[in-house]
Asker: 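First, the structure itself, so that you have it in front of you.
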Amino acid sequence: MAIWIYRRCFAMSELLRLEGISKAFPAPDGSLVHILSGLDLSLGEGEVVSIVGRSGSGKSTLLSIAALLLSPDSGRILYGGRDASSLSAKEVSSLRSLSMGFIFQSSVLLEDFSALENAAMPLLIQGRSRRESFSVAERLLEKVGLSERIGYRPRQLSGGERQRVAIARALSSSPAVVFADEPTGSLDERSAADIETLMLDAVRSEGRGMIIVTHDRDLALRADRMLLLSEGRLFDEGI
Ligand SMILES: Nc1ncnc2c1ncn2[C@@H]1O[C@H](COP(=O)(O)OP(=O)(O)OP(=O)(O)O)[C@@H](O)[C@H]1O
Ligand SMILES: [Mg+2]
């Protein structure tokens with residue numbers, strides 16, 4: 001079943017499409033605050049889209065909706081042309097574990113597991129062998145500059161090192177779509193640039209797609225399209 005969903009959802013060149021997405025949150029005084037207002041977005045194979053916008057404009061909310069972690073009030077989310085609302089909970093969870101990679105603003109690692117185990121977790125969850133999972137994870141940890149930290153637990157790592165483990169974890173299962181929210185915000189300029197190159201190459205070379213939310217204009221400009229989220233809608237900023 002899982003393989004069927006994967007093929008069915010990613011046999012087309014458009015990976016993801018959001019149509020007319022709206023979302024409002026209740027404010028403490030009970031009024032509704034409209035964050036997203038009829039927003040559209042599409043993501044093609046091998047495409048990297050960056051989303052910029054002021055703090056509080058709704059970027060993380062948008063990413064959570066696209067990743068099916070939060071329901072919109074209205075609008076449709078299509079994965080490979082298939083409306084996500086027609087998928088069962090089990091299909092959504094297969095889609096997430098097989099086809100999506102996540103790097104969040106403050107990524108959470110499993111505290112009782114080593115950097116290597118954390119990075120290998122998506123593959124282990126998919127049922128791949130320990131040998132294969134650890135070998136892929138080790139290679140990625142090397143690429144993000146953590147080959148000497150693979151046995152460390154998250155609490156023994158710095159903030160930037162934890163974020164690099166999260167990046168290795170997001171890429172380890174070669175997901176069709178990577179969602180990244182300020183992926184390199186906690187890194188120094190040089191490490192950030194190297195890791196951005198790694199992420200972008202990994203996505204582009206294999207026809208995958210990536211949505212990057214960032215305040216870093218240099219990173220935003222490395223995408224294929226840069227979009228500005230403002231007043232609940234996306235505007236093409238050109239590159
Ligand atoms: N669960 C919630 N309940 C009420 N309001 C919320 C909730 N989640 C987000 N918001 C509001 O929605 C707005 C958008 O939040 P979001 O986290 O998407 O912003 P952002 O663009 O990612 O900001 P930043 O750049 O600071 O990360 C904020 O004003 C926030 O207060
Ligand atoms: Mg945010």
Side-chain angles (χ1 to χ4, degrees), residues 16-43 47-77 79 84-85 89 92 96 100-109 158-160 162-167 169-171 175 177-189 191-193 195-196 199-200 203 209-239:
L16 168 63
R17 169 180 287 271
L18 303 185
E19 287 177 357
I21 299 293
S22 295
K23 184 76 185 174
F25 288 115
D29 66 4
S31 65
L32 270 186
V33 181
H34 294 273
I35 304 297
L36 305 176
S37 310
L39 170 153
D40 298 320
L41 171 66
S42 76
L43 179 72
E47 189 179 33
V48 176
V49 171
S50 60
I51 298 178
V52 297
R54 299 187 62 162
S55 175
S57 59
K59 304 180 300 297
S60 297
T61 303
L62 169 58
L63 223 51
S64 298
I65 289 174
L68 309 179
L69 296 166
L70 181 69
S71 299
D73 298 334
S74 58
R76 296 203 306 162
I77 304 156
Y79 271 89
S85 66
V92 168
R96 239 189 248 130
M100 300 184 198
F102 303 95
I103 308 164
F104 287 127
Q105 226 164 352
S106 41
S107 287
V108 178
L109 299 174
S158 73
R162 282 197 292 271
Q163 190 66 350
R164 283 186 276 160
V165 174
I167 290 168
R169 178 180 61 183
L171 297 175
V177 182
V178 178
F179 297 101
D181 199 346
E182 290 291 355
T184 50
S186 51
L187 303 177
D188 63 275
E189 222 169 283
S191 309
I195 288 167
E196 285 157 14
M199 286 189 311
L200 298 175
V203 167
M210 185 172 198
I211 301 180
I212 307 180
V213 164
T214 184
H215 288 292
D216 176 351
R217 210 153 173 95
D218 289 339
L219 172 57
L221 285 167
R222 296 182 72 182
D224 302 301
R225 278 192 292 144
M226 177 165 71
L227 305 172
L228 170 71
L229 179 56
S230 175
E231 309 279 322
R233 302 257 182 126
L234 288 169
F235 299 89
D236 206 324
E237 287 282 273
I239 285 200

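One-based numbering, in listed order, for ligands and for the atoms of each. Just so you know, these numbers come straight off a predicted model, no measurement behind them.
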Asker: Verify, without hydrogens or angle tests, whether Arg96 (side chain) and Leu68 (backbone) share a donor-acceptor contact under 3.5 angstrom.
Answerer: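 Present.
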
Asker: Which heavy atom of the protein is the closest neighbour of atom 12 (O) of ligand 1, given with residue, atom name and distance?
Answerer: Ile35 CD1, 3.3 Å

Asker: Which residue owns the protein heavy atom closest to atom 28 (C) of ligand 1, what's the atom, and how far is it?
Answerer: Gly56 O, 3.9 Å

Asker: Any idea which protein heavy atom is nearest atom 17 (O) of ligand 1, and the distance to it?
Answerer: Ser60 CB, 3.7 Å

Asker: So, Arg233 side chain and Ser37 main chain: donor-acceptor pair closer than 3.5 Å or not?
Answerer: yes

Asker: If we ignore hydrogens and angles and just use 3.5 Å, is the side chain of Ser50 paired with the main-chain N or O of Ala220 as donor and acceptor?
Answerer: yes

Asker: Under 3.5 Å, is there a donor-acceptor pair between the Ser31 and Asp29 side chains?
Answerer: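 The criterion, which ignores hydrogens and geometry beyond distance, is satisfied for Asp29 and Ser31.
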
Asker: With a 4.0 Å heavy-atom cut-off (strictly under), which part of Thr61 contacts ligand 1: side chain, backbone, both or neither?
Answerer: both

Asker: Looking only at atom types and distance, does a side-chain atom of Glu182 sit under 3.5 Å from a main-chain N or O of His215, one as donor and one as acceptor?
Answerer: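 Indeed, once roles are kept as given, a pair shorter than 3.5 Å links the two residues.
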
Asker: Does any N or O in the side chain of Lys59 come within less than 3.5 Å of the main-chain N or O of Ile51, such that one atom is a donor and the other an acceptor?
Answerer: no

Asker: Please check if the side chain of Lys23 supplies one atom and the backbone of Gly232 the other of a donor-acceptor pair under 3.5 Å.
Answerer: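 Looks like no, no N/O pair under 3.5 Å.
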
Asker: Between Glu182, Lys59, Arg54, Lys23, which one has a non-hydrogen atom sitting closest to atom 25 (O) of ligand 1?
Answerer: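 It is Lys59 whose heavy atom sits nearest to atom 25 (O) of ligand 1.
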
Asker: Check whether any heavy atom of Gly58 sits under 4.0 Å from an atom of ligand 1.
Answerer: yes

Asker: For atom 11 (C) of ligand 1, grab the closest protein heavy atom and report residue, atom and distance to one decimal in Å.
Answerer: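 Of the protein heavy atoms, Phe25 CD1, 3.8 Å lies nearest.
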
Asker: Which residue owns the protein heavy atom closest to atom 26 (O) of ligand 1, what's the atom, and how far is it?
Answerer: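 Nearest neighbour among protein heavy atoms for atom 26 (O) of ligand 1, to 0.1 Å: Ser55 OG, 2.6 Å.
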
Asker: Test your reading of the model: is there a side-chain donor-acceptor pair from Asp236 to the backbone of Leu227, 3.5 Å cut-off?
Answerer: no

Asker: Can you tell me the protein heavy atom closest to atom 27 (O) of ligand 1 and the distance?
Answerer: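 Residue, atom and distance for the closest contact: Gln105 NE2, 2.8 Å.
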
Asker: Would you say Thr61 reaches the Mg ion (ligand 2) with an N/O/S atom under 2.8 Å?
Answerer: no

Asker: Give a yes or no on whether atom 4 (C) of ligand 1 lies under 4.0 Å from any heavy atom of the protein.
Answerer: yes

Asker: Would you say atom 31 (O) of ligand 1 has a protein heavy atom nearer than 4.0 Å?
Answerer: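 It does not; no protein heavy atom is within 4.0 Å.
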
Asker: Which ligand 1 atoms, with their elements, are less than 4.0 angstrom from a heavy-atom of His215?
Answerer: 25 (O)

Asker: So do the side chains of Arg222 and Leu200 get within less than 4.5 Å of each other, counting heavy atoms only?
Answerer: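 With C-beta onward as the side chain, the pair touches.
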
